Q: 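Sending over a structure as structure tokens; questions will come in a sec.
Just so you know, these numbers come straight off a predicted model, no measurement behind them. Order of the sequence lines sets the chain letters (A, B, ...), proteins ahead of strands, with each chain counted from 1.
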2 protein chains.
Amino acid sequence: MAEGLRERKKRRTRQYISDVATGLFVERGFDAVTVAEVAEAADVSVNTVYNYFPAKEDLFLDRSSGVVDRLARWVRGRDEGEPAARAVLRELRGEVEAVSPRVGLFSGYAAFMRVVEQAPALRSRLWAIGQEVQANLEAALREETGAGDGDPLPQLMAGQIGWAHSTVMAVIGREMAKGRNPREVSREALDLLDDIEDLLSEKVLNYAVRGAA
Amino acid sequence: MAEGLRERKKRRTRQYISDVATGLFVERGFDAVTVAEVAEAADVSVNTVYNYFPAKEDLFLDRSSGVVDRLARWVRGRDEGEPAARAVLRELRGEVEAVSPRVGLFSGYAAFMRVVEQAPALRSRLWAIGQEVQANLEAALREETGAGDGDPLPQLMAGQIGWAHSTVMAVIGREMAKGRNPREVSREALDLLDDIEDLLSEKVLNYAVRGAA
DNA sequence: CACAATTTTGCAATGACCCCAAGTTTTCAG
DNA sequence: CTGAAAACTTGGGGTCATTGCAAAATTGTG
């Protein structure tokens, strides 16, 4: 049974603080809520808040939700004979088609995105997370293709794939923030995905085929 | 006649504060220098500093240096029969070939980039400026092509072109920060530009030709 | 030179975030 | 079950960016 009570309690406390904070932010906006208020509402000290979250932004954008390695995971899990970009597009299309909350396609996402849109600090943080996603993708591509350190291709490919991904996510976020219907946004995102695939060159779309020299 | 002394003095003061601040940042790092120290070194009050610069980061990254509309300008000034992306690549290649300080190819840029690299706030700010550059480019593309509001192409094209530009600038910055020789970095950047052009699809490379339907 | 528009400055707050030392709680060996 | 070690929480006390306000100093004009 190993790590029991302590770990469980920590996880619960962390989650609780984050939930309370999210509620306040959605209700009154990111800047209008102070960390002290979050602490009070969650019935802990300010120090405890900082004990769990390195910065105020982390109360809202919890990086631990397995988003940072999404693209890398999709690439590593691509089918035999499938190139990296195709795999990412396929997985992304799948999520969008399924109107999955993992890509923001659920009604509650509107409130979430509105908070982000009005807080520069959160937008900036979202970008930083995107950078991490891309760095992980680049690492995955290097491993998968066995590219040397001097090879600039993994970086460029990760840039193109990361761009496609973040562009789709940005549009979904923007439209959802307007209060649009998830299904409608899903349909538009699928069209956008087609447009994007059309824009990517064959070089990009055929890079890192699983099972090549 | 016209705005004389007052305006001149303001411009000079602003420049002086920025210079003093830059010097301190390069010498000791962005985070290690407080705004109060900058104020004291420039012999003005802290309030005066904030009177000229909205935030500490602006002391180092002065957005007014005409970078925000660089891509839009290049596109608007493209040759007859030339597509937007080609124009940007041509102009950028020109700057890089000329080892121009406008793209960071001068020895002093190393110190500058090192300050940026160690300060997340500055990196984040640089990204925000990049967003502005891209937004201006998108606007230019919309005007030049007369695309409707519902057309997603200008956004996507601006994304691709902006990506190419920022990728090159990022590599130049990274290499210069290592203390590399500007001419060497210029050569590498030219190779990178070739790689990037190879990666862009014909659709991107032929978008917004000056003088089309 | 005197007056009005601007700028600069001092003073006081707010709020994020950090450090430390003093409790508290949980774990675990004995 | 018990006492000490390990891990958490908290209160108190800073530093620093950023802002609001009103008094004081400057500058352009008539």
Q: Over how many whole Å does the gap from A:Ile17 atom CD1 to D:dT9 atom C1' extend?
A: 11 Å
Q: Any carboxylate oxygen within less than 4.0 angstrom of a Lys/Arg side-chain nitrogen, looking at A:Arg180 and A:Glu188?
A: yes
Q: Specify the separation, in whole Å, of atom CZ of A:Arg8 and atom P of D:dA7.
A: 18 Å
Q: How would you label the contact of B:Val33 with the nucleic acid (heavy atoms, under 4.0 Å): base, sugar-phosphate, or nothing?
A: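 The answer is sugar-phosphate, as B:Val33 gets under 4.0 Å only of primed atoms, P, OP1 or OP2.
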Q: In terms of heavy-atom contacts, does CZ of A:Arg90 have more than 12 from other residues, nucleotides or ligands at under 6.0 Å?
A: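 Enclosed: over 12 neighbouring heavy atoms sit under 6.0 Å from CZ of A:Arg90.
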Q: For B:Asn51 and D:dG20, give me the distance from atom CG to atom C1', rounded to whole Å.
A: 13 Å
Q: Can you identify which nucleotide, out of C:dC17, D:dT10, D:dT18, has its nearest atom closest to the B:Tyr50 side chain?
A: D:dT18
Q: Under 3.5 Å, which donor-acceptor pairs link side chains of residues 21-29 of chain B to any protein atom two or more places apart or in another chain?
A:
from	atom 1	to	atom 2	distance (Å)
B:Thr22	OG1	B:Ser18	O	2.8
B:Arg28	NH2	B:Ala32	O	3.2
B:Arg28	NH2	B:Glu37	OE1	3.0
B:Arg28	NH2	B:Glu37	OE2	3.0

Q: Given C:dT8, is OP1 or OP2 found less than 4.0 Å from the side-chain N or O atoms of B:Tyr52?
A: yes
Q: Rounding to a whole Å, what distance do you find between A:Glu37:CD and C:dA16:P?
A: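 My rounded result for the distance is 9 Å.
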Q: When the distance from CG of B:Asp31 to C1' of C:dA16 is rounded to whole Å, what number comes out?
A: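 Spelled out: CG on B:Asp31 to C1' on C:dA16 is 14 Å.
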Q: Please state whether the phosphate of C:dT7, meaning OP1 or OP2, lies under 4.0 angstrom from any side-chain nitrogen or oxygen of B:Lys10.
A: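 For B:Lys10, the contact criterion (side-chain N or O under 4.0 Å from OP1 or OP2 of C:dT7) is met.
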Q: Under 4.0 Å, heavy atoms only, any strand: does B:Val49 hit a base, just the sugar-phosphate, or nothing?
A: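 Counting heavy atoms under 4.0 Å across all strands, no contact is made by B:Val49.
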Q: Find the distance A:Asp58:CG to C:dC17:C1' and express it as a whole number of Å.
A: 13 Å
Q: Would you say C:dT25 has OP1 or OP2 under 4.0 Å from some side-chain N or O of A:Lys9?
A: no
Q: For the pair made of CZ in B:Phe53 and P in D:dA17, what is the distance, rounded to whole Å?
A: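 So the CZ-P distance, B:Phe53 to D:dA17, works out to 15 Å.
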Q: Counting only side-chain heavy atoms from C-beta out, which of C:dA16, D:dT9, C:dT8 sits nearest to A:Lys56?
A: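 Among the listed nucleotides, the one closest to the side chain of A:Lys56 is C:dA16.
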Q: In terms of relative ring orientation, are B:Phe112 and B:Tyr109 parallel, tilted or perpendicular, with 30° and 60° separating the classes?
A: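 Rings of B:Phe112 and B:Tyr109: parallel, as their planes differ by under 30°.
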Q: Using a cut-off of 6.0 Å, state whether more than 12 heavy atoms not belonging to B:Glu40 lie near its atom CD.
A: no
Q: Could you work out which one of D:dA17, C:dT9, C:dA16 sits closest to the side chain of B:Thr34?
A: D:dA17
Q: Would you list the protein and nucleotides 11-14 of chain D atom pairs, both N or O, that sit under 3.5 Å from each other?
A:
from	atom 1	to	atom 2	distance (Å)
D:dG11	N7	A:Asn47	ND2	3.0
D:dG11	O6	A:Asn47	ND2	2.1
D:dG12	O6	A:Asn47	ND2	3.2

Q: With a sphere of 6.0 Å drawn around CD of A:Glu132, does it hold more than 12 non-hydrogen atoms of other residues, nucleotides or ligands?
A: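 More than 12 heavy atoms, drawn from other residues, nucleotides or ligands, come within 6.0 Å of this atom.
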Q: CD of A:Glu40 versus C1' of C:dG15: gap in Å, rounded?
A: 15 Å
Q: Run the side-chain hydrogen bond (donor to acceptor under 3.5 Å, both in side chains) test against B:Arg93 and tell me which residues pass, sequence neighbours left out.
A: B:Asp194, B:Glu197
